[in-house]
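Predicted model, so just to flag it, every value in this text is computed and none were measured. Just so it is clear, the values below take in all heavy atoms, side chains as well, and ignore hydrogens, waters and symmetry mates.
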Amino acid sequence: MAGRALAVAARVSGIRDGTFDMRITEIFHSIQGESTYAGEPCVFVRLTGCPLRCTWCDTAYAFHEGQEMSLADVMTAVKSYGCRLVEVTGGEPLAQSQTIELIESLCETGYKVLVETSGAIDISPVDRRAQIILDVKCPGSGMTERMWWPNLAQLTAKDEVKFVVAGRSDYDWAVGIIERYGLTGLCPVLMSPVFETLEPRQLAEWILRDRLPIRFQLQLHKFIWAPDARGV
């Protein structure tokens, strides 16, 4: 308990002297569009910056936009929505070292915390009370070589693995990765088509034909609002 108290005290001190400022693209309240929480109200904290450049990226505006915010200001903004489910996303949220403190603070405050990460950065420093949603980059993304594969060994049953599939070659590759790492026996596995690139029905038929024990998903927010809408 003493160690936890010292950590909290250090974090509070950091908030006061500004050392925990981070760059935030947007904080908003919306319907969770993906993951096993799809359809639930959720507060999204989108951090700025990403070391990857996926060919199908739909949040390129998060590469450079945003404003500096203290941890205290981010927590206040999240609290204002009165929602207990929070997703920390990007960009690539773990590209900013301060994100680790943000996740811990959210967990300490009693939020259910989802962390959506590209899989290119080591997830071991992330508070294990949070739930990791790890995006395994298929070849069609152009970023497969940036994957940090040891991340898969750190996942637990409460975490999730996501594959975004651009075509048949991506699908076959994803199936190989699922089998090689035994992912369906480890945690929920999600698979979705690249929006307006792969016909959803085609992917669904491949999954059904191969009897894959995974979850097919679509990006619900792109069907509820305009596909390029922000803050949803």
Do His29 and Cys83 touch side chain to side chain, with heavy atoms closer than 4.5 Å? yes

Between the main-chain N or O of Asp73 and the side-chain N or O of Ser70, is there a donor-acceptor pair closer than 3.5 Å? yes

Considering only residues two or more places apart or on different chains, which pairs with a residue in residues 178-195 satisfy salt bridge (Lys or Arg N to Asp or Glu O under 4.0 Å)? none

Rounded to the nearest 0.5 Å, the CD atom of Gln131 sits from the CD atom of Glu116 at a distance of 11.0 Å

Residue pairs passing the side-chain hydrogen bond (donor to acceptor under 3.5 Å, both in side chains) test with at least one member in residues 78-96, sequence neighbours excluded, are Gln32-Glu87, Glu92-Thr117, Glu92-Ser118

Path from Ile214 to Phe216 over hydrophobic side-chain contacts below 4.5 Å: yes

Atom of Ala62, atom of Gly90 and distance for their closest heavy-atom approach: CB-C, 4.2 Å

Using a cut-off of 6.0 Å, state whether more than 12 heavy atoms not belonging to Trp148 lie near its atom CH2. no

Any chance you could measure Leu155, atom CG, to Leu183, atom CG, to the nearest 0.5 Å? 7.5 Å

Mind running side chain to side chain donor-acceptor pair (under 3.5 Å) on Gln154 and Asp159 for me, showing each step along the way? CA-CA 10 Å; Gln154 299 184 58; Asp159 299 317; over 6 Å; no

Is the side chain of Thr99 donor-acceptor paired with the backbone N or O of Pro93 at a distance under 3.5 Å, no angle test? yes

Separation between CD of Gln98 and CD of Glu68, rounded to the nearest 0.5 Å: 8.0 Å

Any chance you could measure Arg128, atom CZ, to Ile103, atom CD1, to the nearest 0.5 Å? 10.0 Å

Do you reckon Leu106 sits in the same ILVMFWY cluster as Val115, going by side-chain contacts under 4.5 Å, direct or chained? yes

Kindly indicate, with the supporting measurements, whether the criterion side chain to side chain contact (heavy atoms under 4.5 Å, CB included) is fulfilled by Ile178 and Val189. CA-CA 8 Å; Ile178 291 169; Val189 177; 3.8 Å; yes

Evaluate Val78 against Tyr111 for side chain to side chain contact (heavy atoms under 4.5 Å, CB included), listing each step before the verdict. CA-CA 10 Å; Val78 170; Tyr111 292 103; 3.8 Å; yes

What heavy-atom pair brings Leu203 and Pro193 nearest, and what distance separates the two atoms? CD2-N, 3.5 Å

Of the non-hydrogen atoms in Gly140 and Asp170, which two are nearest, and what is the gap between them? N-OD1, 2.8 Å

For Lys222, all residues meeting salt bridge (charged side-chain N to carboxylate O under 4.0 Å, His left out), sequence neighbours excluded: Asp58

Side-chain heavy atoms under 4.5 Å apart, restricted to Ile/Leu/Val/Met/Phe/Trp/Tyr: what other residues fall into the cluster of Phe63, or is it alone? none

Asn151 side chain to Ala120 main-chain N or O, any donor-acceptor pair under 3.5 Å? no

So, the side chain of Asp122 versus the backbone of Ser124: is there a donor-acceptor pair under 3.5 Å, distance only? yes

dist Arg215:CZ -> Leu190:CG (nearest 0.5 Å) comes out at 6.5 Å

Given the rule that I, L, V, M, F, W and Y join up when any side-chain heavy atoms are under 4.5 Å apart, are Met22 and Phe44 in one cluster? no

For the residue pair Cys187 and Ala157, what are the closest heavy atoms and their distance? CB-O, 4.0 Å

Give every residue pair that meets the salt bridge (Lys or Arg N to Asp or Glu O under 4.0 Å) criterion with at least one member in residues 32-41, sequence neighbours excluded. Glu34-Lys162

Show me the donor-acceptor pairs, under 3.5 Å and distance only, between side chains in residues 132-139 and residues at least two apart or in other chains.
| residue | atom | partner | partner atom | Å |
| --- | --- | --- | --- | --- |
| Asp135 | OD2 | Lys137 | NZ | 3.0 |

For the residue pair Val86 and Lys112, establish whether any side-chain heavy-atom pair is separated by less than 4.5 Å. no

Is Val194 isolated, or which residues cluster with it under the ILVMFWY side-chain rule of less than 4.5 Å, directly or via members? Trp56, Val164

Does Arg146 have any side chain to side chain donor-acceptor pair (under 3.5 Å) partners at least two apart in sequence or in another chain, and if so, which? none

List the residues meeting salt bridge (charged side-chain N to carboxylate O under 4.0 Å, His left out) with Asp172, not counting sequence neighbours, and say none if there are none. Arg168

Indicate, with yes or no, if Met69 and Leu94 share a hydrophobic cluster defined by side-chain heavy-atom contacts under 4.5 Å among Ile, Leu, Val, Met, Phe, Trp and Tyr. yes

Where at least one partner belongs to residues 161-205, residue pairs that pass ring pair (Phe, Tyr, Trp, His ring centres under 6.0 Å), sequence neighbours excluded: Trp149-Tyr181, Tyr171-Trp206, Phe195-Phe223

Apply side chain to side chain contact (heavy atoms under 4.5 Å, CB included) to Met75 and Leu102, showing your working. CA-CA 8 Å; Met75 294 296 291; Leu102 169 61; 4.2 Å; yes

Tell me which pairs pass side-chain hydrogen bond (donor to acceptor under 3.5 Å, both in side chains) where either residue lies in residues 41-55, with sequence neighbours left out. Thr25-Thr48, Glu26-Arg46, Arg46-Tyr61

Students should find that the hydrophobic cluster of Met143, defined by side-chain heavy atoms under 4.5 Å apart, otherwise consists of Leu52

Under-4.0 Å salt bridge between Arg209 and Glu205: no

For Ser192 and Gln217, the nearest pair of non-hydrogen atoms, with its separation, is CB-O, 3.0 Å

Are Tyr37 and Ile27 in one and the same hydrophobic cluster, where Ile, Leu, Val, Met, Phe, Trp and Tyr link if side-chain heavy atoms are under 4.5 Å apart? no

Flag side-chain contact, heavy atom, 4.5 Å: Leu114 against Val88: no

How long is the gap from CD1 on Ile207 to CD on Gln202, to the nearest 0.5 Å? 10.5 Å

Considering non-hydrogen atoms only, spot the tightest contact between Gly91 and Thr59 and give its length. N-OG1, 3.9 Å

Should the pair Arg129-Glu108 be classified as a salt bridge under the 4.0 Å nitrogen-to-oxygen rule? yes

